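In this text the structure is predicted, and so the values were computed from the model without any measurement. Convention: sequence-line order gives letters A, B, ...; per-chain numbering from 1.
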Amino acid sequence: MITDARVLRTGFVPREVEHRDAEVTHLTEILAPLTDGDPADTTLLLGPSGVGKTCLAKYTAEQLRQEVLDVEYQYVNCWQNFSEFRTLYRILEGLGKTVDIHRQSTPRDELYERLRQYDGPPCVVILDEADQLEDKSLLYHLHELPQFSMLLVANRERELFGNADERLTSRLTGCERVRFDRYDSDELVSIMDARVKSGLEEGAIDRDQLATIADAAGGDARVALSILRTAARQAHQSYESRITDDIVAASIPEARAERHEKDVDTLTPHQRTLYEIIEERDAVSPSELYEEYRDRMDDPKTDRTVRNYLSKMDQYDVIRAEGTSRDRTYRSVSETFENVE
DNA sequence: GCTCCACGGGAAGGATAGGCTT
DNA sequence: AAGCCTATCCTTCCCGTGGAGC
């Protein structure tokens, strides 16, 4: 059934990118100076999730490296490495310069110094989910270093510059931008089809079924591929020789539930208590939530800390925060699952 | 309009952990 | 081996802002 599981996994970069010719060309042109050893401009890759921003950034950087041997690239997901320190650390790690840096007790300035002194081949730094960086001054500092060319991946420019200072904003307003639109259904089908051809047995799934998945994914390739992956695994586990319509239908909510469950698993005990309260009540007002939380915990955190938790959980899509002011309510997302369908 | 609730930025202090010195 | 030092990360406190509801 499954001949190559890798191609269905998230983060897999295919040999050929589909339906993004214009964007590939654009980005390749931007990075072209690197082939002569000159620095390339800092570039923003903007668009909703699952439209191929990350994939294309990696793809283009990889192409470049194959073409010009003397180029490095380093990928950092700022969602997981949201502090300045961690992001810097990851970049250095990729360059193999962290041997004698020990997690604690190495000042941030020292990390910058290492980068400044880096004299290897020019390096493309891909900062994925760059809007998640807590301290945007990192962007400013990296922008100053000619050895490093930054590709900043984010949903919206507004979020990226949200709490950034003037210096950075003015420095980056003039930089290159590559914008991405949602895929339409046909495009998603052919993206999935390419993966199916190299990852599943012949005839494991037909085009109509892929179209069903594409429709459910709402233009998001990541969602589409995760449904496909869930379906393939399901068929594999029940010894089916092909993916049935029933499996496809079941995989659509299943894929979403799986992701949700995974996110819930990462919560700390305090966050989980908050999550449970919200789940039980479907919707709850902030003051009510704080109070209930304090009742349930022996060592409750302050309201301010709880707000930090809640905003994180909202960003992770574990819960949903609605309203900006006195109308704020926290509600469970599992309830909105059904409303969306 | 005015009030009040809630949010979230920022500074300060605490917890934690590893390196360095003695 | 123990104790000091210094870094990050987390939590708390203080407070300005803003919007909904009256």
Side-chain angles (χ1 to χ4, degrees), chain A residues 76-94 97-117 127 129-142 154-170 263-275 277-278 281-333:
Chain A
V76 181
N77 186 328
C78 300
W79 188 287
Q80 280 133 34
N81 304 282
F82 52 83
S83 78
E84 191 178 13
F85 182 85
R86 285 206 190 141
T87 301
L88 287 171
Y89 189 85
R90 284 271 169 278
I91 297 171
L92 281 165
E93 192 176 50
K97 299 271 180 194
T98 49
V99 208
D100 56 339
I101 294 181
H102 305 293
R103 282 190 55 74
Q104 310 294 321
S105 87
T106 303
R108 206 188 38 182
D109 294 347
E110 173 67 21
L111 300 192
Y112 275 121
E113 196 49 38
R114 294 284 171 95
L115 286 175
R116 203 166 291 123
Q117 281 167 10
L127 296 182
E129 320 255 13
D131 52 320
Q132 290 301 315
L133 277 172
E134 227 157 47
D135 190 351
K136 305 290 195 309
S137 63
L138 169 111
L139 301 180
Y140 180 80
H141 288 124
L142 273 183
N155 289 2
R156 262 170 298 192
E157 201 163 324
R158 189 155 24 92
E159 278 144 26
L160 185 56
F161 295 131
N163 51 349
D165 67 353
E166 289 300 313
R167 237 173 14 152
L168 177 67
T169 323
S170 66
D263 289 341
V264 170
D265 281 344
T266 67
L267 300 177
T268 66
H270 287 276
Q271 292 166 334
R272 183 175 289 260
T273 302
L274 291 164
Y275 172 76
I277 296 168
I278 296 166
R281 312 239 179 141
D282 284 347
V284 61
S285 74
S287 52
E288 215 180 318
L289 176 60
Y290 300 152
E291 201 182 322
E292 180 66 30
Y293 161 79
R294 275 194 300 271
D295 283 350
R296 293 196 192 184
M297 299 303 279
D298 293 335
D299 54 344
K301 308 282 186 188
T302 60
D303 291 359
R304 181 67 189 87
T305 301
V306 167
R307 279 200 290 278
N308 281 341
Y309 290 163
L310 290 168
S311 88
K312 262 275 164 357
M313 289 160 72
D314 179 39
Q315 288 188 22
Y316 272 95
D317 267 330
V318 169
I319 59 165
R320 189 138 296 147
E322 283 168 6
T324 57
S325 170
R326 293 188 60 180
D327 57 337
R328 172 57 67 94
T329 48
Y330 294 103
R331 43 177 86 247
S332 87
V333 275

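Relative to the side chain of A/Ser325, the nucleotides C/dG18, C/dT12, B/dG8 differ in distance, and C/dG18 lies closest. In this structure, of B/dA6, C/dA7, B/dG8, it is C/dA7 that holds the atom nearest to the side chain of A/Pro107. Comparing C/dA20, B/dG8, C/dT8 by their nearest atom to the side chain of A/Phe85 picks out C/dT8. When distances run from any side-chain atom of A/Arg108 to the nucleotides C/dC13, B/dA6, C/dT8, the shortest one goes to C/dT8. Comparing C/dT11, B/dC7, C/dA20 by their nearest atom to the side chain of A/Arg307 picks out B/dC7.
With hydrogens and angles left out, the side chain of A/Arg326 and the base of C/dG21 share no donor-acceptor pair within 3.5 Å. You'll find a donor-acceptor pair under 3.5 Å spanning the side chain of A/Arg304 and the base of B/dG9, going by distance alone. For A/Thr324 against C/dG19, a side-chain-to-base donor-acceptor contact under 3.5 Å is absent.
One interatomic measurement links the two molecules: CG of A/Asn81 to C1' of C/dT8, which rounds to 14 Å at whole-angstrom precision. Atom pair A/Leu310:CG and B/dA6:P shows a separation of 12 Å (rounding to whole Å applied). Put simply, CG on A/Asp303 is 10 Å from C1' on B/dA6, counting in whole angstrom units. Atom P of nucleotide B/dG8 and atom OH of A/Tyr330 are separated by 7 Å, given to the nearest angstrom. Protein atom NZ of A/Lys301 is 11 Å distant from nucleotide atom P of B/dA15, rounded to whole Å. Straight-line distance from the CD atom of A/Glu134 to the C1' atom of C/dT11: 13 Å, rounded to whole Å. As a whole-Å value, the separation of A/Arg90 CZ from C/dT8 C1' is 15 Å. Nucleotide B/dG8 holds its P atom 12 Å from the NZ atom of A/Lys312, rounded to whole Å.
Under the 6.0 Å distance and 45° angle rule, A/Lys312 counts as a cation-pi partner of A/Phe82.
In this structure, A/Glu291 places its CD atom where only 12 or fewer heavy-atom neighbours from other residues, nucleotides or ligands lie under 6.0 Å away. Shown here is A/Arg296, whose CZ atom has more than 12 heavy atoms of other residues, nucleotides or ligands within 6.0 Å.
A/Tyr309 and A/Arg307 form no side-chain donor-acceptor contact under 3.5 Å, judged by distance and modelled atom types alone.
Looking only at distances, no side-chain donor or acceptor of A/Asp135 sits under 3.5 Å from a matching main-chain atom of A/Glu84.
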